[in-house]
Novice: 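I'd like to ask you about the structure that follows.
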Amino acid sequence: MISIRIENLTKRFGTTVALRNLDLVIEPGELFFLLGPSGCGKTTLLRSMAGFYIPEEGRIFLGDEDVTRLAPHKRNTGMMFQSYALWPHMTVAENVAFGLEERKVPRDEIKRRVGEALESVRMDTYAARKPNQLSGGQQQRVALARALVIRPRCLLLDEPLSNLDAKLRLEMRMEIRRVCKEFKLTTVYVTHDQKEALSISDRMAIMESGNILQVGSPREVYRRPKRKTVAHFIGETDFIEGRVLGIDGEFTVVETGIGRFHGVLGDADSKAVAGDAVTLSVRPECWTLGHEARPHNTVRGRIGEAVYLGEVAQYDFISDGVTLKIYELNPRFLGASAEAGELVASVEPQDVVVLTA
Ligand code: ATP
């Protein structure tokens with residue numbers, strides 16, 4: 001298992017700065033995700049690790065080896081991209097064997113390793129088929145076997161599941177995690193799909209404009225976003241503007257147009273003092289609807305639009321001209337929404353994230 005270390009990386013395309021002075025360490029054996037809005041630099045970072053782009057500044061280490069200027073085929077990275085592009089005229093086994101033949105591996109060993117790689121993605125019984133005789137998910141498995149068969153030092157995946165339908169994506173993402181952990185492979189995974197990242201990653205980086213905004217476990221990033229852009233990018237959230245009144249023990253006290261809140265700082269290293277303008281971030285599922293108001297962390301209002309989704313109902317909760325999104329699991333207030341009249345939405349201080357400017 002190796003670490004991947006990025007030091008002060010800058011990559012420009014003409015006048016566009018795709019990566020700026022970026023630092024990142026991915027730990028050995030980690031399944032690490034790169035997330036962020038379109039154009040933030042995810043693919044550029046991944047392709048720099050693979051060796052397809054040479055950065056203007058900075059260094060890339062695979063383990064202890066500085067690979068910054070090493071050609072892609074000498075890095076021994078396994079890759080799987082959006083278009084998995086299997087050779088249509090070759091069988092599954094021939095497709096997987098291709099990388100080994102290029103490396104002049106002896107015939108017997110090729111046969112054995114292709115068998116093992118296909119077995120590891122549960123495709124050994126399909127070895128003689130051509131790609132057009134396989135489903136999308138099966139083709140994706142073959143592409144994964146092809147990346148694994150060369151015994152790469154690490155795995156680089158760029159939107160590997162984007163061509164699959166929703167059900168197959170669910171199945172394949174668990175499969176990718178299983179394979180990465182089984183082979184103890186440090187893996188970097190680029191996706192637009194937050195659920196993919198939240199469900200299988202060990203840690204993730206949220207990027208914006210060539211920078212990394214936050215690195216953490218799915219839980220850390222979702223529950224304690226350090227900035228508004230991170231809270232906005234991952235999951236749904238209600239933002240409430242306010243001003244700091246003071247500190248009460250571990251909580252920051254904030255006055256807003258719809259009530260007073262006790263909350264926790266998203267960035268534990270940041271400081272908030274009385275008078276500071278801050279934004280509160282509350283996840284829609286953290287609200288509880290009821291009738292009892294408390295001195296703080298409750299909002300009076302009424303349900304506007306309601307959408308029933310089976311296990312959950314999504315409400316627009318209107319309070320003093322402010323609309324909050326509130327999700328209620330096992331909905332009780334749905335039928336009563338019109339006649340319920342005034343309700344109280346409350347939230348625990350631990351679920352109110354205070355974001356400083
Ligand atoms: P997406 O989610 O849309 O795939 P991304 O986060 O992967 O986006 P990149 O593809 O890394 O973003 O692009 C980062 C920036 O660099 C963008 O502004 C993009 O337009 C620019 N860029 C990327 N590749 C090139 C290229 N080959 N030539 C010129 N500009 C490029």
Side-chain angles (χ1 to χ4, degrees), residues 4-26 30-62 67-73 75 77-85 136 140 143-144 147 154-166 169 172-173 176 186-201 203-216 218 221-222 225-236:
I4 301 175
R5 195 150 44 90
I6 309 291
E7 285 181 3
N8 196 32
L9 207 70
T10 295
K11 176 66 200 160
R12 296 188 198 91
F13 295 105
T15 53
T16 306
V17 186
L19 302 173
R20 12 180 133 238
N21 310 114
L22 191 139
D23 290 307
L24 178 65
V25 178
I26 299 169
E30 208 170 25
L31 177 48
F32 192 96
F33 274 67
L34 300 175
L35 284 171
S38 183
C40 70
K42 305 179 290 291
T43 297
T44 304
L45 180 53
L46 195 81
R47 290 183 155 254
S48 302
M49 292 176 190
F52 297 126
Y53 295 145
I54 303 298
E56 275 75 36
E57 287 165 46
R59 301 204 290 173
I60 301 172
F61 292 87
L62 297 183
V67 298
T68 316
R69 302 196 180 277
L70 198 66
H73 66 278
R75 296 193 184 195
T77 55
M79 280 172 292
M80 194 168 145
F81 293 145
Q82 200 170 103
S83 51
Y84 35 79
Q140 209 79 25
L144 188 56
C154 59
L155 208 52
L156 305 175
L157 310 174
D158 193 354
E159 297 274 1
L161 306 182
S162 62
N163 290 333
L164 303 182
D165 66 42
R169 287 180 76 121
M172 276 304 288
R173 72 190 190 198
I176 286 180
T186 311
T187 301
V188 189
Y189 193 131
V190 168
T191 185
H192 282 106
D193 187 332
Q194 298 178 21
K195 290 271 159 62
E196 221 159 87
L198 288 168
S199 61
I200 65 167
S201 72
R203 287 194 309 153
M204 54 174 81
I206 312 298
M207 296 179 65
E208 188 192 52
S209 311
N211 293 306
I212 290 181
L213 300 179
Q214 187 168 348
V215 174
V221 173
Y222 186 81
K226 290 186 177 181
R227 297 158 180 245
K228 201 170 168 177
T229 34
V230 175
H232 183 68
F233 184 75
I234 287 279
E236 297 288 327

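Indexing begins at 1, ligand by ligand and atom by atom, following the structure's order.
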Novice: What heavy-atom pair brings Val221 and Gln214 nearest, and what distance separates the two atoms?
Specialist: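 Shortest heavy-atom separation between Val221 and Gln214 comes out as CA-NE2, 4.0 Å.
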Novice: For a 4.5 angstrom cut-off between non-hydrogen side-chain atoms, does Asp23 reach Glu7?
Specialist: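 When only atoms from C-beta onward are counted, Glu7 and Asp23 do touch, with a gap below 4.5 Å.
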Novice: Quick check on atom 20 (O) of ligand 1 - does any protein heavy atom sit closer than 4.0 Å to it?
Specialist: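 There is no protein heavy atom less than 4.0 Å from atom 20 (O) of ligand 1.
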Novice: If you measure from each non-hydrogen atom of Thr16 to ligand 1, which part falls under 4.0 Å: side chain, backbone, both or neither?
Specialist: side chain
Novice: Among Thr15, Thr43, Leu35, which residue places a heavy atom closest to atom 7 (O) of ligand 1?
Specialist: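 Minimum heavy-atom distance to atom 7 (O) of ligand 1 goes to Thr43.
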Novice: Check ligand 1 against Thr44 and write out every atom of the ligand that is under 4.0 Å from a heavy-atom position of the residue.
Specialist: 9 (P), 11 (O), 13 (O), 14 (C)
Novice: Quick one: does Gly36 get an N or O within less than 3.5 Å of an N or O on ligand 1?
Specialist: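 It does not: no N or O of Gly36 is found under 3.5 Å from an N or O of ligand 1.
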Novice: Closest heavy-atom contact between Pro72 and Gly51?
Specialist: CG-O, 3.4 Å
Novice: Looking at Ile54, is its backbone amide N or carbonyl O close enough to the side chain of Lys11 to form a donor-acceptor pair, meaning the two atoms are under 3.5 Å apart?
Specialist: yes
Novice: Thr10 side chain to Asn21 main-chain N or O, any donor-acceptor pair under 3.5 Å?
Specialist: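 At least one qualifying donor-acceptor pair exists.
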Novice: Distance to 0.1 Å, residue and atom name: give those for the protein heavy atom nearest to atom 3 (O) of ligand 1.
Specialist: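 That would be Ser38 OG, 2.5 Å.
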Novice: Any N or O on Gly39 sitting closer than 3.5 Å to an N or O of ligand 1?
Specialist: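 Yes.
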Novice: Counting only heavy atoms closer than 4.0 Å, does ligand 1 sit against the backbone of Met207, its side chain, both, or neither?
Specialist: neither
Novice: In the protein, what heavy atom is nearest to atom 26 (C) of ligand 1, and what distance, to one decimal place, separates them?
Specialist: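 Its nearest protein heavy-atom neighbour is Phe13 CD2, 3.5 Å.
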Novice: Provide, to 0.1 Å, the distance between atom 16 (O) of ligand 1 and the closest protein heavy atom, together with that atom's residue and name.
Specialist: Ala18 CB, 3.5 Å
Novice: Verify the distance criterion only: is there a donor paired with an acceptor across the side chains of Thr229 and Glu208 at less than 3.5 Å?
Specialist: no
Novice: Once rounded to the nearest 0.5 Å, what's the spacing between atom CG of Leu157 and atom CG of Leu46?
Specialist: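 If we round to the nearest 0.5 Å, Leu157:CG and Leu46:CG are 7.5 Å apart.
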Novice: With the threshold set at under 4.0 angstrom, would you say His192 reaches ligand 1 through any of its heavy atoms?
Specialist: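 Yes, His192 has heavy atoms under 4.0 Å from ligand 1.
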Novice: What's the separation between atom CZ in Phe32 and atom CD1 in Ile4, rounded to the nearest 0.5 Å?
Specialist: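 Atom-to-atom, Phe32:CZ and Ile4:CD1 are 9.5 Å apart.
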